[in-house]
Amino acid sequence: MADILTPALGESVTEATIAKWTKKVGDAVKKDELLVELETDKVSLEVAAPADGVLGAINAAEGDTVVPGTVLGSVTEGGAAAAAAPASAPAKAAKAEAKAAPAAAASSIDITVPVMGESVAEGSMGKWLKKSGDAVKKDELLVEIETDKVAVEVSAPADGVLTIAADEGATVTPGQKIGSVSGSGAAASAPAAAAPAPAAAPANTGSAQVSGGKNDTLSPAVQRVVAENNLDPKAIAATGPKGNITKADAIAAIGQAAPAPAAAAAAPSAPRAVGPREERVKMTRLRQTIARRLKESQNTAAQLTTFNEVDMTNVMALRAQYKEVFEKRHGVKLGFMSFFTKAVVAALHEIPAVNAEIDGTDIIYKNHYDIGVAVGTEKGLVVPVLRDADTLSLAGIEKGIGALGKAARDGALTMDQLQGGTFTITNGGTYGSLMSTPILNAPQSGILGMHNIVQRPMAINGEVKIRPMMYLALSYDHRIVDGKEAVTFLVRIKELLEDPQRALLDL
């Protein structure tokens with residue numbers, strides 16, 4: 001007999017809730033087959049069968065709270081006979097239905113939503129590249145699922161015929177079945193016809209249980225969302241097993257709940273009519289996340305922007321002198337981003353408050369320098385992170401930024417590449433921007449805006465000379481960074497760019 005144990009749940013996560021069992025006691029299981037889904041405050045986890053056999057016992061029911069190491073159930077290895085032991089009238093009826101099903105259905109392989117990364121609980125279905133009934137090849141790309149941060153590709157698990165169970169635009173969660181691949185077209189059409197009936201049942205049952213007050217236990221993840229947003233659990237439509245409210249249900253209810261007297265005021269929020277020369281397009285998840293995070297940043301931090309200008313003469317001359325040799329030696333072009341990144345890291349060393357963040361009533365000072373680089377893509381703005389920029393040479397920085405930019409444009413960034421930055425650089429100058437006030441990338445305390453290089457007349461030693469000038473903008477959180485520190489930080493960057501030799505001499 002092999003125990004099914006609750007796995008480690010991740011840093012700072014101490015408990016989870018049983019979301020769904022995919023098998024019943026007495027069902028045959030295969031090693032590594034998905035048996036149960038767990039939901040924590042951050043992610044959904046899958047627990048697989050530890051061995052081939054029969055599911056002998058379920059110790060934790062759906063909705064129960066468990067901790068790492070809890071025995072969720074057990075698998076009786078080699079228990080073909082054990083499967084027949086619990087046979088009863090309902091079981092016999094189920095077997096009779098199973099025999100009536102087409103034999104080819106046994107060869108059907110489910111297409112499920114993959115794990116989409118830390119803190120990503122759901123995604124939206126993109127456009128299917130195939131239709132139901134089409135033949136597909138193993139590993140052929142079928143659909144992209146768009147999350148708040150990245151696009152996840154889903155490929156065919158085997159050769160066969162495709163059946164689609166989740167339409168374009170539908171919201172899906174990790175582990176959810178979105179389709180299947182069968183060896184025959186007949187087998188593929190059968191489950192498709194039966195799909196609508198079970199899909200409607202959980203929603204109706206859950207709604208009735210919630211309205212009847214039977215849903216007394218909320219998972220930690222749901223409790224957190226309900227508490228933070230002052231939601232009424234009885235007013236949330238539940239779609240989880242046994243009528244439980246899932247985290248996605250709670251999130252969907254945010255902003256929908258309103259006091260009874262204000263119900264009449266809901267009418268003006270209805271979408272306005274679209275004119276004959278207008279088009280309504282639903283915001284992508286990435287665009288919705290960008291909008292939400294930027295507004296949250298404005299509402300949370302005491303944002304202030306300070307400006308300066310830098311004479312780019314010496315940096316441009318140095319780049320012009322060595323760019324060909326640099327490219328031959330390192331295989332990458334010498335740009336301005338590497339000079340700015342080096343200058344930013346040096347300034348962060350001197351003004352650590354700009355590299356810190358506020359956590360409640362504490363300040364967390366970071367002794368690592370992971371620089372976010374804002375990249376504009378067709379789907380929206382993303383900020384991949386260049387790790388340990390203080391340890392990289394100019395060539396290393398250029399290669400790292402180039403690789404991150406390509407991955408961003410190709411939609412191939414991983415979750416790790418998008419998290420954990422300590423400071424951000426954004427270059428609006430590539431689009432011709434002369435000046436801007438960047439918005440903080442929370443929870444960071446600073447962001448540097450680079451702009452277009454423009455030839456302008458400047459007074460140099462009492463003479464007017466034409467110089468290539470760039471405006472710099474530093475937006476910072478005034479709760480943690482004082483004006484003196486912000487100005488000193490920006491002046492330090494200006495000094496290092498106008499006289500690059502200072503960096504070599506550590507001045």
Side-chain angles (χ1 to χ4, degrees), residues 1-88 90-91 94-95 98 105-121 138-139 152 154-158 172-181 202 217 219-221 240-242 244 246-247 415:
M1 181 178 292
D3 288 339
I4 306 165
L5 301 176
T6 304
L9 304 175
E11 184 181 352
S12 77
V13 181
T14 58
E15 62 182 12
T17 302
I18 304 294
K20 179 183 179 184
W21 282 90
T22 62
K23 296 283 186 178
K24 302 185 297 295
V25 173
D27 285 354
V29 298
K30 293 287 187 182
K31 184 178 181 181
D32 297 329
E33 181 180 5
L34 173 63
L35 291 184
V36 61
E37 295 178 4
L38 305 179
E39 185 181 82
T40 74
D41 352 11
K42 297 184 177 179
V43 294
S44 296
L45 300 174
E46 297 180 347
V47 181
D52 293 346
V54 172
L55 182 58
I58 292 178
N59 300 338
E62 294 175 359
D64 288 353
T65 299
V66 295
V67 297
T70 300
V71 179
L72 305 177
S74 60
V75 172
T76 304
E77 300 179 57
S88 59
K95 288 181 180 179
S107 64
S108 177
I109 300 176
D110 289 346
I111 305 169
T112 58
V113 179
V115 176
M116 296 181 286
E118 181 185 353
S119 78
V120 180
K138 183 177 180 180
D139 297 329
V152 179
V154 179
S155 302
V172 294
T173 57
Q176 179 179 333
K177 178 180 175 181
I178 56 175
S180 61
V181 173
T217 304
S219 71
K242 294 186 178 180
N244 291 335
T246 66
K247 185 177 180 182
M415 297 302 299

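Below, each value reflects all heavy atoms present in this structure, side chains not excepted, and no hydrogens, waters or symmetry copies.
With a 4.5 Å cut-off on side-chain heavy atoms, L72 and N59 do not count as touching. Side-chain contact between V75 and I4 is present, with heavy atoms from C-beta onward closer than 4.5 Å. I178 is listed as a side-chain neighbour of I111, based on a closest heavy-atom distance under 4.5 Å. Residues L5 and V71 have side chains in contact (heavy-atom distance under 4.5 Å, counting atoms from C-beta outward).
Considering all non-hydrogen atoms of both residues, V181 and P157 come closest at CG2-CD, 3.9 Å. Listed here is the closest heavy atom pair of K23 and L35: CG-CD2, 3.8 Å. For the pair S74 and L55, the tightest heavy-atom approach, listed with the atom from each and the gap, is O-CD1, 3.5 Å. Closest of all the heavy-atom pairs between P50 and A2 is CG-CB, 3.7 Å.
The one candidate from V36, L38, I18 that meets the side-chain contact (heavy atoms from CB on, under 4.5 Å) condition with T6 is L38.
Here E46 contributes atom CD and T22 contributes atom OG1; the two are 9.5 Å apart, rounded to the nearest 0.5 Å.
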